[in-house]
Number of protein chains: 2
Amino acid sequence: MRIDDPGDAAVPARRRPAPTSKDVARVAGVSQSTVSYVMSGKRPISEATRRLVLDAIAELTYEPHAGARALAGHRTKVVGLMMPLHDAESAGGLMEFAEEIAIQARRRDHDVLMLTADEGPSALARVQRRAMCDAVVIMQVITDDPRVATAREVDLPVILIGVPADRDGLHCIDVDFESAAELLVDELADASAREIAVLGWAQEWDDAGANFIPRFRASAAARAAARGVALRWVGAPHTRGGVEAFLDAVLDPDGGAHPGLLTVQSPHHVGAALQQRGLLPGRDLDLVSLCTDAEAERQPVPLTAVSTQPRCVSAEAMAWLFDLLDGDAPAELRLVPARLTRRASVRPIKENRP
Amino acid sequence: MRIDDPGDAAVPARRRPAPTSKDVARVAGVSQSTVSYVMSGKRPISEATRRLVLDAIAELTYEPHAGARALAGHRTKVVGLMMPLHDAESAGGLMEFAEEIAIQARRRDHDVLMLTADEGPSALARVQRRAMCDAVVIMQVITDDPRVATAREVDLPVILIGVPADRDGLHCIDVDFESAAELLVDELADASAREIAVLGWAQEWDDAGANFIPRFRASAAARAAARGVALRWVGAPHTRGGVEAFLDAVLDPDGGAHPGLLTVQSPHHVGAALQQRGLLPGRDLDLVSLCTDAEAERQPVPLTAVSTQPRCVSAEAMAWLFDLLDGDAPAELRLVPARLTRRASVRPIKENRP
DNA sequence: CAGGATCGTCGATACGCATCGACGATCACG
DNA sequence: CGTGATCGTCGATGCGTATCGACGATCCTG
């Protein structure tokens with residue numbers, strides 16, 4: 001295993017110190033402060049000088065030292081992202097979410113510092129005192145989230161994904177689960193369902209304090225009532241067994257008129273279990289789901305589904321964050337609309353559809 | 001929406017500047033440099049003085065300014081993590097992987113900067129020139145990875161997860177897919193299988209350059225030959241349809257002696273498809289899988305499986321990284337052993353088992 | 001008890017950038 | 001042609017920490 005081979009000619013550029021703004025100034029024949037003003041645009045610079053400096057920057061492939069910039073300029077160009085605790089069920093959406101956060105940050109020449117939820121509220125205090133971030137995004141905030149109190153104390157712009165009990169003075173954003181529920185109930189009601197059976201979230205989620213569950217549930221119930229449809233909510237675990245029990249409980253044993261089915265997670269288990277019973281969504285009954293578009297299209301029968309659009313939430317959260325960073329933005333609750341996409345799992349009804 | 005309410009008494013601690021090491025020095029009655037030496041331990045300090053300083057630090061809840069430390073000390077206490085492109089299939093393992101990286105970093109008082117693969121090799125050059133990281137971990141490196149050339153040029157310790165074509169002078173770590181294949185083939189052979197059918201990775205993965213596939217495949221073939229077992233490799237997409245086609249092709253239509261089944265992804269599709277045919281792993285045939293432990297246990301019949309142990313790979317990678325940071329560590333390829341866990345999906349055979 | 005060695009602490013400096021005040025040059029206008 | 005005003009650039013300073021050389025105090029040795 002050969003390392004540090006002195007005869008290796010393939011190591012030309014190593015150990016060469018990175019160029020500084022002073023180097024750029026020397027090459028361009030201007031002062032260091034002029035280089036700084038060219039980069040920040042905070043003072044007028046003549047076109048000729050600007051060109052000289054930009055050429056020098058390109059020639060040296062200069063990039064400002066992040067630490068020096070943070071020290072002198074009081075900003076880091078880094079956004080903290082507090083990830084949720086690992087959870088296999090929702091992993092897909094979370095990755096997409098985080099990736100979009102990073103993409104949006106890079107679009108504005110910022111970076112993302114990854115914070116873990118298990119470090120807890122102290123992570124916020126730490127990154128503030130050490131001046132590591134200009135702002136923080138906290139994912140998957142629950143009703144009684146211990147991180148919220150710290151978020152309020154900390155002298156950093158914070159965006160919360162999710163809705164805590166007391167959101168006074170906080171910037172919260174979430175999917176509009178109320179309208180998502182309405183869209184799903186309407187879709188089944190429009191398909192002439194007189195009864196809707198919902199495979200809700202597992203009890204653990206509810207217990208954990210994920211308040212989008214009661215929001216979704218209340219909205220679905222209200223909409224169903226308004227449409228004159230009976231709604232039956234079953235909170236089963238999203239395992240194969242839980243799904244089987246759900247279907248046993250709600251399907252018509254005579255094979256007659258099945259209720260419209262609405263599942264909020266792992267639709268593939270529902271699809272597989274139905275298939276095993278010889279039932280095909282879109283042919284024998286109606287099935288709608290709350291899931292990502294990718295998930296809906298991965299099913300044997302592509303699902304009519306409402307997507308929570310994780311990338312939209314991320315993008316909106318980051319847009320808001322940068323508004324906060326330059327100037328003020330109101331502390332409020334923003335709900336990102338959910339979007340229904342019709343696919344093949346609901347039987348087409350001509351009437352009632354524009 | 002009320003913000004910046006001047007009458008709000010709940011904003012006492014805001015806009016108070018963070019304490020500096022000079023503040024600590026004043027409170028402790030020593031000089032600033034003494035504070036620094038207490039924190040770094042790079043010079044002997046008397047127990048009495050150390051106590052004074054530590055008390056002052058605690059009293060002020062002082063934390064060093066990251067930018068200033070980076071500027072003066074030439075290290076950032078930040079590790080870059082280049083995440084793979086979003087991929088729904090493997091999302092579960094990836095989140096666990098990244099989380100463990102963060103945990104290991106925090107254990108050593110470091111943080112993790114999230115870099116995205118779609119920014120590509122330039123991200124490496126950027127974080128180096130800006131001095132944002134002390135080292136970088138690159139996930140999911142493939143055979144002809146464009147990031148590898150940059151990784152070699154860059155003057156930063158780099159750990160690659162995965163094996164590129166030319167790994168001369170590089171620090172690479174990966175799961176030992178060779179021994180994983182052997183464990184799985186052995187398990188089926190020990191259960192008296194005379195024939196093994198493998199549901200391999202989808203073609204796209206192979207095309208993308210994931211070289212663990214040929215490594216796994218060659219090793220499985222060699223072991224099967226050594227054990228006198230016929231091996232049939234089928235590279236089907238891991239959709240429900242792909243799995244059905246796989247089973248149609250390899251199962252004995254007469255319902256007689258089925259081959260031993262080995263799947264390397266999404267075992268739940270295989271389990272569901274088998275169940276639909278009235279076949280139960282561990283009763284009617286033998287099924288083993290390469291997947292995470294969580295996935296294996298989530299199946300209706302808990303699967304005998306080899307786990308790629310993402311947390312072990314992360315932990316080992318980070319241990320190596322910190323060895324690299326203080327002192328040298330050899331540039332080599334490290335393979336993390338895979339671990340077989342016997343569950344219920346293989347029919348027990350007394351003979352040949354210790 | 002004198003001598004040097006060791007221990008513990010301090011003051012000064014440098015790190016690379018942003019920002020402020022100052023100042024020469026250019027221009028418009030009377 | 002003189003006088004402000006504006007424009008463009010420069011020099012100097014400070015951000016908070018790590019580190020180096022220096023130096024008084026203490027210890028051990030002969």
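Keep in mind that this is a model prediction, so the values were computed, not measured. Just so it is clear: chains get the letters A, B, ... in the order the sequence lines come, proteins before strands, and each one is counted from 1.
- The pair B/D109-B/K77 counts as a salt bridge, with a side-chain nitrogen and a carboxylate oxygen less than 4.0 angstrom apart.
- Side-chain proximity of B/A68 to D/dC10, D/dG16, C/dC10: nearest is D/dG16.
- Residues of residues 36-46 of chain B that place a heavy atom closer than 4.0 Å to DNA chain C, in numerical order, are B/Y37, B/R43, B/P44, B/I45, B/S46.
- Between B/R75 atom CZ and D/dT19 atom C1' the separation is 11 Å, expressed in whole Å.
- Summarising the geometry, the separation between OH on A/Y62 and C1' on C/dA18 is reported as 10 Å, rounded to the nearest angstrom.
- When rounded to the nearest whole Å, the span between CZ of A/R69 and P of C/dC15 equals 19 Å.
- A salt bridge links A/R152 to A/D166: one of the charged nitrogens lies within less than 4.0 Å of a carboxylate oxygen.
- Contact annotation for A/T20: backbone-only contact, meaning every heavy-atom pair under 4.0 Å involves sugar-phosphate atoms and none involves a base.
- Rounded to whole Å, atom C1' of C/dC17 lies 10 Å from atom NE2 of A/H65.
- Using a cutoff of 4.0 Å between basic side-chain nitrogens and carboxylate oxygens, A/R126 and B/E63 are not scored as salt-bridged.
- Residue-level contact check: B/V35 touches neither bases nor backbone, having no heavy atom under 4.0 Å from any strand.
- Side-chain to base pairing of A/S21 with C/dG16: no donor and acceptor N or O lie closer than 3.5 Å to each other.
- Between B/T34 and C/dC10 there is a side-chain polar atom (N or O) within less than 4.0 angstrom of OP1 or OP2.
- In this structure, CD of B/Q32 is placed 14 Å from P of D/dC20, rounded to the nearest angstrom.
- If B/A48 and B/L71 are placed on DNA chain C by their nearest nucleotide, the residue sitting closer to the 5' end is B/A48.
- Across C/dC10, C/dC17, D/dT17, the shortest atom-to-atom separation from the side chain of B/S31 is found for C/dC10.
- Note: NE2 (B/H74) to C1' (C/dG16) measures 10 Å, nearest angstrom.
- One atom, CZ of B/R26, and another, P of C/dG11, lie 14 Å apart when rounded to the nearest Å.
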